[in-house]
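Below is one structure, written out as C-alpha cells; comments come after it.
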Amino acid sequence: MGRRRPIGSGPFTLAALVVAILPLRPAGLWAALIGACAALPWLLGAVLPRRPRPYWRLSAAGLERVDPRGEVLLRYERERIEELALTAADGRLTIFHKFGRTAVGELAAMGFEPLPFYVTARRLGLPVRVLDGDGGQGLDHMAEQRLAAQEAELLAAVHEPRRLPDERREPTRLNAAPQGPGRRRVGLLGVLMALLAALVVARMALTDPAGPPAGTRLAAAGWTLAGMTALQAAYRRMLRDRPVRWTITAGRLVVQGGPRRRDRRLSRALRVHAADVAALVVGPGVRVDPVTGQPVRCPLSVLAFDHRMGLVARLPADGLEEFQLVHELHEHGYRVITPTARDPRPSGYGLDGLPEVFSQVPGGRLVVTDDGLGWADAAGEVVLRMPEDRLGGIELLTIGGHAWVRLYGSDGEEFFAAPLSALRISRTDLRESARKAGLPVTDAEYDAYLSAAFHGVVEAMTGPSAPAAAGDPPEPVEDGPGVLLDATRSSRIGTYLLSVVMCEVVAVLGALWLGDGLGGPLRTLSWVAPAGLVIGLAGYWVYDRNRDQLRISPQGIAVVSRRGRVSWTLSRATVGGIGIDESVERVPRLVVWSPAGRVLRQVTFPPDLDELRRACERYGLPWGPPDADRPAPPPPEL
C-alpha cells in the first residue's frame, strides 16, 4: 500500500465536481465521466511509479542537494566552508565562509540527524559548533559536549572488538500501540462512504436517463465530493497510523511497518545483521512522512552505525517505549548509545564538582562576606568560607542561556564553575555585592551592554538633524503608548473590487449553468447579479471591520485586530529588524527578523512603509535587515 498512491487527487476531484455540475446528456455518459475522474488518481498511482524527491548529502565535495537523477542542484564546496554551526533549539544549519554566513535550513527538513551530520563533518575536517537560541551570538557548550561525548562513545564501540553472544534468549517482539481506531475500521469506513456516493450517483443517472435536472446535478456534486474526500482521508489516516513491529535477536534486527503478511517473501521489513552493527543510537531522529514524502522529525528512532562509523540504516521506532527498547537491545548484546545518558540529574543540577558541604547543607546559598565568599545555610549562618586571598578572580558569563560563575585561584587556574541557579543567587546581586566588597569580579557581557547602550543614547542626542524649513510647525513629541498602522487605502479598495468581481463571476456562471431550471438564463441573471454585488460588498465589509493592524510601541511589535484580539506579539529584545524581504525565491514581503537574521513573523497585509519606518525609528525598533555588528541584547538576569 505504501507504493501505490493516488496521483493528482486534488485536480481530479475538481474535475469530477465540474463534470457533475455540467448538463451532459445522456445520463449514462454523465455518470461514467464522474466515475472516471474519481478512479483515475488510483489507476495512475497503480501504474506509474512514485517519483523520488531531491535529497541532501554531505561528502568530500561539500554539502550538496541532488535530484533523483544524480544531478547536483545546489552545492556548497568543501574548500569554501570555514565552519558549520547548528542551533540547539531547532537544529538550523548555518555555513560560515570567507564573505559571511549563509543559513541553509533546518537539519531535520534536509534529512539529517545531528549525530551523523556531526560525525561526518568531523571526518571531513569541517569544524562544527552548536549555537544557543536561534543562531545568535553565544555557544551552547552543553549541547556541543553532548555531541562530542556521543562521538567518543561511537569511536570506542567501533574500535572495540565485539563478540556475538549465543542465542540463548527467546526473540523479543515489540509492537507499537495504535494511536486511534483500528486501521481496518478506518479503511472500511472510507470505502463504504465511497461506494455509497457511487450508488447514489448511479441511481440519479438511472432515474433520469435523458439527463438529470440542475438540482440533481448539484446533489451529485455534493455526493461526489463527500465520497472522494472520505476515501482520501481514510487512506491518509491509514498511512500515518502504520504500526511498527520489532523482532530483536542476537543475530539481527527485523523492523516492519504496516499490515502483517503471511508470506515473509512479500514483506518489506528492514533487516540489519548484528555483525554489521557497531553501535545503535536511540533517541529523537528523522523519518520520511508517509503522505508528503518529506523528511520530518520523529520522537524516537534508532540509527545503526557500522565499524567504519558509517550510517547503515535508520530504523523507525514510533510508538515504542524507549525504556523497554534500549534495555532489550542491550540484553541481546548490542552497544546502545542514548543522547541523554550523560545529562545531569535534576536533583543534582549544577552540583557536580562542588564541595560536599554544599550539597549537605539544605537550603544553602552563596553569599558575599566582608573578606570573601561563603556558603550560608537556611538560617543565614555561614558554614563555609573562602577568603579573599585565595580568590584570583570571579567571572560571570552566560552558558546555554543561563547565568554561570567561574572562580579562579590566586595562581590563575579555574577551580570552580556552576550555574547561579544552583547557588541560589542572582547575577546582579553577586556582581554588585562583590564589587562593593572589593572582590575581583568581571562581567564582560554586562559591561559591553552598558557601553553599547550609553553610546547609542549619546549618538541619538548628539547626532545631526535635518534643519526645519521656515514656517514648518515643530514635530509633536510622541508620548503615547504606541501607534497603529493599518493597510493602505489603495489595497483595501482593490480588495473590495476583487471580492465583488469574484462574486459576480460566480453569479454569471451559476446563471448560465442553472438558468434552465430557474426560468431561463437571462431571468436568472437579472436577480443573481445584484445579489452577487450585495454579497461581495457585505462579505468583505464583515471581514474588513475586524481586520488586523500593526502596532508599534516601545515594548515591541504586535498584530492586533480592530476589536483588540492579539494575533501575535514580539518583545523589543527579540526583534533584530523590520523591513522588506527581497529574497530570490519568494515574492518581496514585510517580515520581522531576529538578531541572528532568522524570519520570525510575516505581516500578511501591506501597511504604508514610510509610516512604518518612521514609527520604528520613533520607538527604537531597528528598520531593515539585522546587522551582525549590532550589540547583543542584555545578558540574563539583568
Side-chain angles (χ1 to χ4, degrees), residues 52-66 68 70 76 78 84 86 91 93 104-128 130 143-144 146-160 162 244 246 248 251-257 268-289 293-318 320 322 325-326 329-330 333-341:
R53 297 179 179 272
Y55 62 92
W56 288 86
R57 71 181 178 191
L58 180 63
S59 62
L63 182 63
E64 301 172 330
R65 181 172 173 82
V66 187
Y76 300 93
R78 160 68 185 84
L84 300 173
L86 301 174
L93 174 63
V104 182
E106 190 176 349
L107 207 63
M110 300 169 64
F112 293 124
E113 291 90 354
L115 180 59
F117 186 85
Y118 181 83
V119 171
T120 305
R122 298 259 292 180
R123 289 175 60 189
L124 297 174
L126 293 172
V128 182
V130 182
E144 191 170 333
R146 189 181 299 116
L147 284 175
Q150 294 179 53
E151 183 190 24
E153 272 194 88
L154 190 57
L155 279 170
V158 166
H159 294 289
E160 288 180 0
R162 177 174 177 265
V244 178
W246 278 61
I248 304 174
R252 65 178 180 176
L253 300 174
V254 181
V255 183
Q256 184 177 3
R268 295 193 294 269
L270 296 174
R271 292 177 173 84
V272 179
H273 294 278
D276 301 331
V277 177
L280 298 173
V281 179
V282 182
V286 176
R287 67 177 178 87
V288 177
D289 189 271
Q294 297 288 347
V296 294
R297 296 175 181 267
C298 63
L300 187 64
S301 69
V302 179
L303 304 178
F305 288 87
D306 60 9
H307 296 274
R308 295 183 178 180
M309 295 185 68
L311 186 61
V312 177
R314 292 184 176 95
L315 305 178
D318 291 342
L320 297 180
E322 183 179 1
L325 177 62
V326 295
L329 291 173
H330 176 72
Y334 294 93
R335 179 71 176 267
V336 180
I337 301 174
T338 56
T340 58

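In this text the structure is predicted, and so the values were computed from the model without any measurement. If you read the sequence from its start, that first residue is 1, and numbering goes on from there.
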Kindly list each side-chain donor-acceptor pair under 3.5 angstrom involving residues 281-288, sequence neighbours excluded, with atom names and distances?
from	atom 1	to	atom 2	distance (Å)
Arg287	NE	Asp318	OD2	3.0

What distance do [X] atom [atom1] and [Y] atom [atom2] have between them, rounded to the nearest 0.5 Å?
{"X": "Leu325", "Y": "Thr338", "atom1": "CG", "atom2": "OG1", "value": "11.0 Å"}
{"X": "Ile248", "Y": "Leu329", "atom1": "CD1", "atom2": "CG", "value": "4.5 Å"}
{"X": "Glu153", "Y": "Arg335", "atom1": "CD", "atom2": "CZ", "value": "6.0 Å"}
{"X": "Leu115", "Y": "Arg146", "atom1": "CG", "atom2": "CZ", "value": "12.0 Å"}

I need the minimum non-hydrogen distance between [X] and [Y], along with the two atoms involved.
{"X": "Ala109", "Y": "Pro295", "result": "O-CG, 3.2 Å"}
{"X": "Val312", "Y": "Asp276", "result": "CG2-O, 4.0 Å"}
{"X": "Ala60", "Y": "Arg78", "result": "O-CB, 3.3 Å"}
{"X": "Val158", "Y": "Asp306", "result": "CG2-O, 3.8 Å"}
{"X": "Ala121", "Y": "Val128", "result": "CB-CG2, 3.5 Å"}
{"X": "His330", "Y": "Val336", "result": "N-CG2, 3.9 Å"}

Report task. Can you tell me which residue pairs pass the side chain to side chain donor-acceptor pair (under 3.5 Å) test with a partner in residues 107-123, sequence neighbours excluded? Result ->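 Only Glu113-Arg314, Arg122-Glu151 qualify under side chain to side chain donor-acceptor pair (under 3.5 Å).
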
Can you list the residues that meet the side chain to side chain donor-acceptor pair (under 3.5 Å) rule with [X], with sequence neighbours excluded?
{"X": "Arg53", "value": "none"}
{"X": "Gln294", "value": "none"}
{"X": "Arg57", "value": "Glu64"}

**Report entry** With Phe305 via ring pair (Phe, Tyr, Trp, His ring centres under 6.0 Å) - residues at least two apart
**Finding:**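 Once residues adjacent in sequence are excluded, Phe305 has no partner under the ring pair (Phe, Tyr, Trp, His ring centres under 6.0 Å) criterion.
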
Query - Partner residues of Phe117 under the ring pair (Phe, Tyr, Trp, His ring centres under 6.0 Å) criterion, sequence neighbours left out - result: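 Checked Phe117 against ring pair (Phe, Tyr, Trp, His ring centres under 6.0 Å); matches are Phe112.
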
**Report entry** For Asp289, all residues meeting side chain to side chain contact (heavy atoms under 4.5 Å, CB included), sequence neighbours excluded
**Finding:**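 Side chain to side chain contact (heavy atoms under 4.5 Å, CB included) list for Asp289, sorted by chain: Arg240, Val291, Thr292, Val296.
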
Query - Trp56 vs Leu58 side-chain heavy atoms within contact, under 4.5 Å - result: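 They are not in contact (no side-chain heavy atoms under 4.5 Å apart), so the answer is no.
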
Query - Contact check, side chains of Met110 and Leu63, non-hydrogen atoms, under 4.5 Å - result: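 Yes. Closest side-chain heavy atoms under 4.5 Å.
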
